[in-house]
Amino acid sequence: MILVTGATGALGALIAERLSGRDDVVLGTRDPERVRGPLPVRTVDFDEPRTLTEGFTGVDVLLLISAGYGEDDTVIARHSAAIDAAEKAGVGHIVYTSLSADGDHLPYALPHRWTERRLRRSTAGWTILRNGLYAELLAFLATPSQDGRVTAPLGDGRLAAVARADLADAAVRVVTEAPLHANRVYELVGEEAIGGADLAEAYGPHVMYAPVTLAQARAHIAGSGAEPFQVPMLVGTCSTIAAGFMDRIGSELRELLGRAPRPALDIIRGGGREN
Ligand SMILES: NC(=O)c1ccc[n+]([C@@H]2O[C@H](COP(=O)([O-])OP(=O)(O)OC[C@H]3O[C@@H](n4cnc5c(N)ncnc54)[C@H](OP(=O)(O)O)[C@@H]3O)[C@@H](O)[C@H]2O)c1
């Protein structure tokens, strides 16, 4: 049996949709009431380890979707509890959605690398999906202002952004043929790196790229009602892209998909809508 955690998240829901025709899949989420579709659902909350004992019973392959919203100690505690419980329940293989190697300078890299190290020491088999940053995230960061300016502080930096739907397709392939992917680390970044000027152009001739400074962006985000941990997360993402650390392209996504990845600019043009 395959269990997918985080079933109501954007990535989890796409994966659940793709697996909905199978009879060997169970969904896990903190809030089963919110799950739609035919698959059975269990309560799985990494912050409530007692839910994990029952949640992981009878599971052969666990797709552990990172629960990355929070300070590092919170996220590490979640992933630690999930892997401990999976081992105790006798789960044979854990597939983890991590972060691409070039993301090491991002403020949220540390819990991902902690989890990867924990998995390498696990008694279960493992596969690490090092997901690149979503095109949908870039669409969010670079939403044009009402007066037609993309102000995200990306400098001349570029991002090898990935469609979330492609990461869902890749995850589905790996969990449904897990033994073939044992002890593998996949770098799932896009095949084209895009920057602020490309984004503005994708929105049309009335939009221009006019980046603000990181300090201006920080003040804006902090004043927007964001949680304290989200401010460095979002500013740090822009800073890392601007400094040129996120433009490494790759072909492993294409290999897992068996086709070309969806172009990130198509996602941007579509306003971040996914399929
Ligand atoms: N590559 C990127 O650009 C990027 C961008 C944003 C986030 N991420 C990371 O990738 C993950 C999936 O992305 P997404 O787009 O699906 O994010 P999302 O829509 O914000 O979903 C958040 C996910 O975290 C899960 N979660 C939160 N707290 C949890 C807990 N205590 N126990 C178990 N699960 C918990 C949620 O599961 P339920 O609510 O269903 O329980 C949900 O699947 C995120 O959680 C984050 O770690 C990656």
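Both counts, for ligands and for their atoms, begin at 1 and track the order of listing.
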Participant: Apply side-chain contact (heavy atoms from CB on, under 4.5 Å) to L110 and I76, showing your working.
Facilitator: CA-CA 9 Å; L110 189 140; I76 287 173; 3.8 Å; yes
Participant: Using a plain distance cutoff, I'd like to know if T29 has any nitrogen or oxygen under 3.5 Å from a nitrogen or oxygen of ligand 1.
Facilitator: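 Between T29 and ligand 1 (N or O atoms, distance only) the closest approach is under 3.5 Å.
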Participant: Would you check if D198 and R158 make a side-chain contact, meaning some heavy-atom pair closer than 4.5 Å?
Facilitator: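 Result yes, sub-4.5 Å side-chain heavy-atom pair found.
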Participant: Checking a contact table here: which protein heavy atom is nearest atom 42 (C) of ligand 1, and how many Å away?
Facilitator: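 Here the nearest protein heavy atom works out to G9 CA, 3.6 Å.
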Participant: Where on R164 is there a heavy atom closer than 4.0 Å to ligand 1, on the side chain, on the backbone, on both, or on neither?
Facilitator: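 Contact part for R164 vs ligand 1: side chain (C-beta onward).
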Participant: Counting only heavy atoms, which portion of I65 has something under 4.0 Å from ligand 1: side chain, backbone, both, or neither?
Facilitator: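 Just the side chain.
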Participant: Return the closest protein heavy atom for atom 16 (O) of ligand 1 as residue, atom name and distance.
Facilitator: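 Its nearest protein heavy-atom neighbour is L11 N, 2.7 Å.
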Participant: Going through the distances and angles, do T176 and I2 end up as a side-chain contact (heavy atoms from CB on, under 4.5 Å)?
Facilitator: CA-CA 8 Å; T176 53; I2 298 167; 4.1 Å; yes
Participant: Do any nitrogen or oxygen atoms of G132 come within less than 3.5 Å of a nitrogen or oxygen of ligand 1?
Facilitator: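 N/O-N/O distance below 3.5 Å exists for this pair.
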Participant: Taking N or O atoms only and a 3.5 Å limit, does G28 qualify as a polar contact for ligand 1?
Facilitator: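 The answer is no, given that G28 and ligand 1 share no N or O pair closer than 3.5 Å.
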Participant: Please list the nearest protein heavy atom to atom 37 (O) of ligand 1 with its residue and the distance rounded to 0.1 Å.
Facilitator: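 Checking every protein heavy atom, the shortest distance to atom 37 (O) of ligand 1 gives G6 CA, 3.0 Å.
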Participant: Which protein non-hydrogen atom lies closest to atom 26 (N) of ligand 1, naming both residue and atom, and how far is it?
Facilitator: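 Looking only at protein heavy atoms, the one closest to atom 26 (N) of ligand 1 is A67 CB, 3.6 Å.
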Participant: What protein heavy atom sits nearest atom 36 (C) of ligand 1, and how far away is it?
Facilitator: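 For this ligand atom, the closest protein heavy atom is R30 NH2, 3.7 Å.
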Participant: Would H112 count as being in polar contact with ligand 1, using the rule that some N or O on each side must be under 3.5 angstrom apart?
Facilitator: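 Looking only at distances, the answer is no, because the N/O contact criterion of under 3.5 Å is not met.
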Participant: Hey, mind stepping through Y186 and T127 against side-chain contact (heavy atoms from CB on, under 4.5 Å) and telling me if it holds?
Facilitator: CA-CA 8 Å; Y186 292 104; T127 307; 3.9 Å; yes
Participant: Starting from atom 31 (N) of ligand 1, which protein heavy atom do you reach first, and at what distance in Å?
Facilitator: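 Going by distance alone, atom 31 (N) of ligand 1 is nearest to D45 OD1, 2.9 Å.
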Participant: Could you check atom 4 (C) of ligand 1 against the protein and tell me its nearest heavy-atom contact, residue, atom and distance included?
Facilitator: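 Protein heavy atom at minimum distance: Y134 CE1, 3.3 Å.
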Participant: Applying salt bridge (charged side-chain N to carboxylate O under 4.0 Å, His left out) as the test, list every pair that has at least one member in residues 217-246; sequence neighbours left out.
Facilitator: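 Applying salt bridge (charged side-chain N to carboxylate O under 4.0 Å, His left out) to every pair that reaches into residues 217-246, excluding sequence neighbours, yields nothing.
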Participant: For residues 246-253, which side-chain donor-acceptor pairs fall under 3.5 Å, sequence neighbours excluded?
Facilitator:
residue : atom : partner : partner atom : Å
S251    : OG   : E255    : OE2          : 3.3
E252    : OE1  : E187    : N            : 2.9

Participant: Identify the protein heavy atom lying closest to atom 44 (C) of ligand 1, giving its residue, its atom name and the separation to 0.1 Å.
Facilitator: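 Here the closest protein heavy atom is S66 O, 3.4 Å.
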Participant: Which part of A7 is near ligand 1, with near meaning a heavy atom under 4.0 Å away: side chain, backbone, both or neither?
Facilitator: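 Looking at A7 and ligand 1, just backbone atoms fall under 4.0 Å.
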Participant: Please work out which of F46, F140, Y108, Y69 has its closest non-hydrogen atom nearest to atom 22 (C) of ligand 1.
Facilitator: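 The residue whose heavy atom sits nearest atom 22 (C) of ligand 1 is Y69.
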Participant: Can you find an N or O of D31 that's nearer than 3.5 Å to an N or O of ligand 1?
Facilitator: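 In fact, backbone or side chain, D31 has no N or O that close.
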